[in-house]
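Everything on this sheet refers to the single structure shown next.
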Amino acid sequence: MRRILPRSFYDRPTLRVAHELIGARLVRILDGQRLAGLITETEAYVGETDLGSHARAGRTLRTQVMYGPPGHAYVYFTYGNHWMLNVVCEEENMPAAVLVRAIQPVEGVDVILKRRSGRDTFGPGKLAQALGITGKENGIDLTGRNGQLWIEQGLPVPERLVTKGPRVGLYSVPEPWKSKPWRFLVKGWKLEVGE
DNA sequence: AGCACGATGCTCT
DNA sequence: GAGCATCGTGCTT
């Protein structure tokens, strides 16, 4: 059985966690079945001073999970349709999280494709839909198996295969936050899937 | 294959 | 009441 990423993995600088989550295996137990995908894209949101982060508004009902201990899920709803999965990083009271933006399905692929009506899983709303992740998963601990959602050690992805760039969708966020290269993604969008 | 736009509802001011 | 860490459709090239 693969190692579940421990709390100490998340209790580190957010950029580092965002980078190292590339290639990790996101596991979801849905209706008793195991679904999984390798993470191919992430974004870092770092502290209240990051004006691209929800935490810019300080501690609110929505953002309180980001202020909690690392290794928990921060799931929020946006644009009237979509749930977004984030993982909380850094020490307690430091509001930071990594948005998981895309996965490459590797287990339960047929179920995932069916849930997506054959469409892709590259996009934060799409992967949440594919894995049945909603507000019910907000706040759960990702470092154990109780919440039916966790992250396992995956493929080591060489530095040269990871592209950095500005985060997506921050239209009205002021500089320099708008252009910070805090998005990480697999070059060419595909990982070599091995066992 | 690329762009424009409308859907849709929750969160914060 | 405005704005939103998006997605899918439908129309144009």
Side-chain angles (χ1 to χ4, degrees), chain A residues 10 13-22 24 26 28 35 37 39-68 70-90 94-105 111-140 142 149 151 162-186 188-190:
Chain A
Y10 302 100
T14 310
L15 291 176
R16 183 108 188 246
V17 175
H19 194 148
E20 291 186 19
L21 277 175
I22 297 294
L26 178 64
R28 168 69 166 153
L35 311 177
I39 296 173
T40 55
E41 183 181 357
T42 61
E43 283 177 3
Y45 290 86
V46 191
E48 293 180 348
T49 54
D50 175 3
L51 297 185
S53 173
H54 293 157
R56 67 183 177 274
R59 223 181 253 265
T60 66
L61 195 57
R62 179 169 66 163
T63 61
Q64 63 183 359
V65 177
M66 293 179 86
Y67 288 80
H72 288 249
Y74 167 43
V75 183
Y76 69 89
F77 184 81
T78 192
Y79 290 113
N81 299 293
H82 308 290
W83 295 97
M84 307 283 153
L85 171 66
N86 299 249
V87 301
V88 176
C89 298
E90 314 226 15
M94 164 65 176
V98 172
L99 171 66
V100 182
R101 291 189 54 89
I103 57 167
Q104 182 174 328
V111 174
I112 290 174
L113 286 179
K114 193 168 171 191
R115 291 186 57 82
R116 290 286 308 134
S117 306
R119 298 187 206 91
D120 67 66
T121 49
F122 295 151
K126 299 179 191 179
L127 86 84
Q129 198 271 325
L131 300 180
I133 294 167
T134 69
K136 276 184 273 188
E137 279 67 46
N138 188 37
I140 68 173
L142 298 171
L149 181 66
I151 303 177
V162 178
T163 304
K164 287 190 212 177
R167 296 173 292 180
V168 175
L170 306 188
Y171 303 106
S172 52
V173 172
E175 298 291 1
W177 309 107
K178 186 176 182 170
S179 300
K180 292 269 187 198
W182 289 355
R183 176 188 186 209
F184 300 87
L185 62 102
V186 174
W189 290 97
K190 265 199 178 154

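Below, read A as the first sequence line, B as the second, and so on, with proteins coming before strands; counting in each chain starts at 1.
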> Does A:Glu41 reach the main-chain N or O of A:Arg183 with its side chain, forming a donor-acceptor pair under 3.5 Å?
Replying inline: no
>> Run A:Tyr74 and A:Arg62 through side-chain contact (heavy atoms from CB on, under 4.5 Å) and show every step you take.
In response: CA-CA 9 Å; A:Tyr74 167 43; A:Arg62 179 169 66 163; 3.5 Å; yes
> Using Watson-Crick and G-U wobble pairs whose two distances are both under 3.5 Å, how do you write the pairing of DNA chain B as dot-bracket, with | for links to another strand?
Replying inline: |||||||.||||.
> So do the side chains of A:Trp177 and A:Arg167 get within less than 4.5 Å of each other, counting heavy atoms only?
Replying inline: yes
>> Rounded to the nearest 0.5 Å, what separates atom OH in A:Tyr67 from atom CE in A:Met94?
In response: 9.5 Å
>> Return a single string for nucleotides 3-11 of chain B, one symbol per nucleotide in 5' to 3' order, where B is base contact, S is sugar-phosphate-only contact and - is none, cutoff 4.0 angstrom on heavy atoms.
In response: ----BBBSS
> What are the 5'-most and 3'-most nucleotides of DNA chain C lying under 4.0 Å from any heavy atom of chain A?
Replying inline: C:dC4 to C:dT9
> If you measure from CE on A:Met84 to OH on A:Tyr79, what distance do you get to the nearest 0.5 Å?
Replying inline: 8.0 Å
> Quick one: CG on A:Leu99 to CG on A:Asn86, what's the gap to the nearest 0.5 Å?
Replying inline: 5.0 Å
>> The test is side-chain contact (heavy atoms from CB on, under 4.5 Å); show your working for A:Glu90 and A:Val46 and say whether it passes.
In response: CA-CA 9 Å; A:Glu90 314 226 15; A:Val46 191; 4.1 Å; yes
> So, do A:Thr14 and A:Tyr45 sit near enough that their side-chain heavy atoms are less than 4.5 Å apart?
Replying inline: no
> Base, sugar-phosphate, or nothing for A:Leu99, non-hydrogen atoms under 4.0 angstrom?
Replying inline: base
>> Contact between A:Ile112 and A:Leu131 at the side-chain level, heavy atoms closer than 4.5 Å - yes or no?
In response: yes
>> Distance alone, cut at 3.5 Å: any donor-acceptor contact between the side chains of A:Gln129 and A:Arg115?
In response: no
